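Step one of this worksheet: look at the structure below.
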Amino acid sequence: MKKAIFPFILAAAATSGAVASTPVYLDPKAPLEDRVEDALSRMTLDEKVAMCHAQSKFSSPGVPRLGIPEVWMSDGPHGVRAEINWNDWGHAQWTNDSVTAFPALTALAATWNPAMSALYGKNVGEEARYREKDVLLGPGVNIYRTPLNGRNFEYMGEDPYLASVMVVPYVQELQKNGVAACVKHFALNNQEQWRGNVNANVSDRALYEIYLPAFKAAVQEGGAWSIMGAYNKIWNQHCCHNKRLLEDILRGEWGFDGVVITDWGGAHDTREAALNGLDIEMGSFTNGLTSESEFTYDDYYLGRAFRDLILSGEIPESVADDKARRILRLIFRTAMNTDKPFGSLHSPEHYAAAKAIGDESIVLLKNSGILPLDPAAGKKILVVGDNATRRLTDGGGSSELKVKDYVSPLDAMREVFGAGNVDYARGYAAGRPMYGREEEIPAAVQDSLRAEAVAKAAEADVVVFVGGLNKNHFQDCEGGDRLHYELPFGQDAVIEALMQANPNLVVANITGNAYAMPWADKVPAIMHVSYLGTMGGASMADAISGAVNPSGKMPYSIPVSLADCGAHSFGVNAYPGVESEEGDVLFGVCAPQEQYSEDILVGYRWHDTKKIPARYAFGHGLSYTTFAYGKPVLSAKEMTADGSLTVTVPVTNTGTREGAEVVQMYVGDDKASVLRPRKELKGFEKIVLAPGETRDVSFTITPEMLAFFDEATHAWRSEPGAFTLFIGGASDSTPAVAKFKLK
């Protein structure tokens, strides 16, 4: 067993002489803070300091003398990562660490269903508990700023309200298993290029309106027990020991009582780490992925150097007390929590949960009537594409998973439509997951694979192309951003050639990002599929056959071109940044400065306000049925600054089969003293309607929903005047409109 120290050893381990009573810190029925203070009072300085840094790749020390166990962490948030060696990045080669791969968080966000988020947190938490993990490193809620970010698939989209609503149930249900959520990456970790030292220059308004709300919700509503600091800098100070971010905002404004953990290698300075709110330092002197350190764990910034500053009187011991106090609180909530369940691993219930989340996440972008495909029709189907057979749980950096089972799209299609009716052609070669470079495939190989697919397509009744991105470096992968907006490996040419050979083409690409679609107007049907994990192929096949009626909605916009994205409209200053003269030894590059020039106009806010239509808008997603919106009714035409009002809109299923619609409510300020987006998401509800059924959907509007962040007063402020409510099925499709005034 990893945990050699049983948490509730005899009280003699914590006291001298005979055992008279159980020490408070060992009494699980004693108040939490009493246990924390009692344990802290018994600890030496060396024990306090030791708790503040790693002892292995994924654990930090407890206090063996007192029977306080170590803290074990695991990468997430899509599943519990395979065991890693004690002191290097190699896999430990255990035979009992295979898990369920749950859908990526982009998929969870695409469900627009908080119930799916709760289901997700519960089930991944059970697997983490069974694997004896105390901290699961997730979920991630960084905002989707650019389609080139290699880790967008780990996050919950471009809108702070959607991410805020979806993160809370995940955190709550995960932590019911006695496993701490470690919400990441705090904050502005919106790119992988130069991630270790890029300095993000962002306005306070954009910070509070766009980039912080989901973290705040995770802390204040979700009750998150830990937070992971980001690699990058803000205000020229690294996020993992950024005073304003960790002390002023996280603890001061939000009241966070949990532990701040570095991203692996995210600490850079002992004094800042000691004084600016960092608690546990992990992975220092590495790149967090592949490189190894020549130093020992005592050489960490919060190791021997931290202790020496305390002993010299330069830093008071109370600083170490505060860190140890927070870490003890985490341990008592997790490793020493006697009420936590036992957990379970890749159970039928977990597979069912992964399938349910995947089913609701698939977004039908376009359908001219070719879908769904009836399995009873006996049509000859050709499946084309590397992702139809590739195991997409591999690669991607820290999100890699060792799965017990994996249902590929090709296998699922053969199961649903009959093995004899489904043929396969690879169509293109995508190469192997690699770090540091993009593998190039010889043109002759790609030409041959494309020709084979085209020849087979001419003989098929229907072609289903399953391509997209994968977990290779410079695609959807930690440690490197995408190099371009187009599909890699010549897939656009394959799609065009298939369309020429057979116009009955369904494109069902798997990706964690937006991408260019030069063929979108020609192809009759397009599905947008995130990485769906163990049961992903089954979800895809059921959506194609109609056994599942698609109900996913885009959690981010799909621009026509990269230039249509706000972050790419201001040149390299806005992305990826411009290198300065300051160097960085570890990452081997100069420290870039980056301007968030689009400010609050991220995603659909940019498209709507600047009148630059997206290819497919935020919130967009079709169904195999149709929905109509009636006239909205307001409870009042005016609202006072301390009041509220409700808006009710009837929604009708006008099609012939049951389906789910996500009713979205956006608010726009008709006239303001500052720049405001055309509309902002402030409410949504996913409803299921039978054919012909009508349901009234109501939203409550409060003054807080109308406010913007006023930098001058460092407060939220709403201005009197006229506001417009936009209600519909997508950010660019809001037929139900109502107006009211704020007094």
Side-chain angles (χ1 to χ4, degrees), residues 72-81 99-142 153-157 162-186 214-228 258-259 261 330 333-334 337 339-361 398-399 401 530-535 555 686:
W72 278 87
M73 310 174 194
S74 177
D75 276 317
H78 310 140
V80 188
R81 192 179 185 183
V99 298
T100 305
F102 294 91
L105 291 190
T106 47
L108 177 60
T111 70
W112 290 61
N113 188 346
M116 289 294 104
S117 183
L119 183 69
Y120 198 126
K122 174 183 183 295
N123 284 270
V124 76
E126 288 173 353
E127 301 222 343
R129 170 49 48 220
Y130 188 88
R131 289 274 305 279
E132 298 189 68
K133 303 304 179 186
D134 305 307
V135 179
L136 188 69
L137 304 176
V141 291
N142 290 103
F153 70 98
E154 297 186 44
Y155 302 140
M156 296 191 185
L162 174 63
S164 296
V165 171
M166 295 300 288
V167 72
V168 170
Y170 182 116
V171 170
Q172 291 173 334
E173 293 301 315
L174 168 67
Q175 293 187 164
K176 287 179 182 178
N177 288 280
V179 178
C182 187
V183 185
K184 62 185 186 183
H185 302 89
F186 192 59
F215 288 103
K216 182 180 180 181
V219 168
Q220 293 193 330
E221 299 175 48
W225 292 338
S226 63
I227 291 284
M228 179 185 287
V259 168
I261 303 171
L330 175 69
R333 284 168 166 169
T334 58
N337 177 1
D339 292 329
K340 62 178 180 283
F342 291 107
S344 54
L345 198 62
H346 44 66
S347 66
E349 291 80 7
H350 293 176
Y351 284 10
K355 174 69 163 54
I357 297 164
D359 288 353
E360 287 203 27
S361 76
S398 59
S399 68
L401 291 171
S530 297
Y531 303 109
L532 300 186
T534 292
M535 300 300 292
K686 194 167 195 174

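What you see is a predicted model; the values in this text were computed from it and never measured. Index from 1, following the sequence. Atoms considered below: every heavy atom in the structure, side chains included; atoms not considered: hydrogens, waters and symmetry mates.
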Taken to the nearest 0.5 Å, the spacing of Asn123 CG from Asn177 CG works out to 9.0 Å
task = For the pair Ser361 (side chain) and Ala110 (backbone), establish whether a donor and an acceptor sit closer than 3.5 Å, ignoring hydrogens and angles.
result = no
Shortest non-hydrogen pair, Leu119 vs Ala356, comes out as CD2-CB, 4.4 Å
Expected output: side-chain Lys133 to main-chain Val179 donor-acceptor under 3.5 Å
no
Could you tell me whether the side chain of Tyr170 and the main chain of Leu108 form a donor-acceptor pair under 3.5 Å?
no
#### Entry: Side chain Ser117, main chain Val167, donor-acceptor under 3.5 Å
no
Note: Val171 and Gly222 closest approach over all heavy atoms is CG1-O, 3.5 Å
| message | What verdict does the side-chain contact (heavy atoms from CB on, under 4.5 Å) test give for Val135 and Val259, after you've listed the backbone C-alpha separation in whole Å, the side-chain angles of each residue and the deciding distance to 0.1 Å? | response | CA-CA 11 Å; Val135 179; Val259 168; over 6 Å; no
Correct closest heavy-atom pair for Glu173 and Lys122 would be CB-N, 3.5 Å
Note: Asp339 and Asn337 closest approach over all heavy atoms is N-OD1, 2.9 Å
Residue Tyr130 excluded, over 12 heavy atoms near OH under 6.0 Å
no
For a 4.5 angstrom cut-off between non-hydrogen side-chain atoms, does Leu105 reach Pro77?
yes
Between Thr111 and Ile357, is a side-chain contact (heavy atoms from CB on, under 4.5 Å) present by the stated rule, with each step listed? CA-CA 7 Å; Thr111 70; Ile357 297 164; 4.3 Å; yes
Main chain of Gly121, side chain of Gln172: is a donor-acceptor contact present, judged purely on distance under 3.5 Å? no
In terms of heavy-atom contacts, Met166 and Trp112 come closest through SD-C, 4.2 Å
Between Thr100 and the options Glu127, His346, Glu126, the side chain to side chain donor-acceptor pair (under 3.5 Å) test singles out Glu127
Original post:
Under 4.5 Å between any side-chain heavy atoms of Val183 and Pro139, yes or no?
Top reply: yes
For Trp225 and Gln175 the tightest heavy-atom approach is N-OE1, 2.9 Å
Output for pair (Leu137 CG, Met228 CE), nearest 0.5 Å, gives 4.0 Å
Given the rule in the side-chain contact (heavy atoms from CB on, under 4.5 Å) test, do Met73 and Ile261 qualify, once you have shown the distances and angles that lead to the verdict? CA-CA 11 Å; Met73 310 174 194; Ile261 303 171; 4.1 Å; yes
- Message: Angle between ring planes, Tyr120 versus Phe102, binned at 30° and 60°: parallel, tilted or perpendicular?
- Response: tilted
Run His185 and Tyr155 through side-chain contact (heavy atoms from CB on, under 4.5 Å) and show every step you take. CA-CA 10 Å; His185 302 89; Tyr155 302 140; 2.7 Å; yes
* Give a yes or no on whether the backbone of Ala181 and the side-chain of Ser226 come within a donor-acceptor separation of less than 3.5 Å. => yes
When Leu345, Asp134, Val80 are each screened for side chain to side chain contact (heavy atoms under 4.5 Å, CB included) with Arg129, the one that passes is Asp134
CG of Asn142 to CZ of Phe215, rounded to nearest 0.5 Å, is 4.5 Å
Mind telling me whether His78 and Phe153 have parallel, tilted or perpendicular rings, with 30° and 60° as the class edges? tilted
Glu360 (side chain) donor-acceptor with Met116 (main chain) under 3.5 angstrom
no
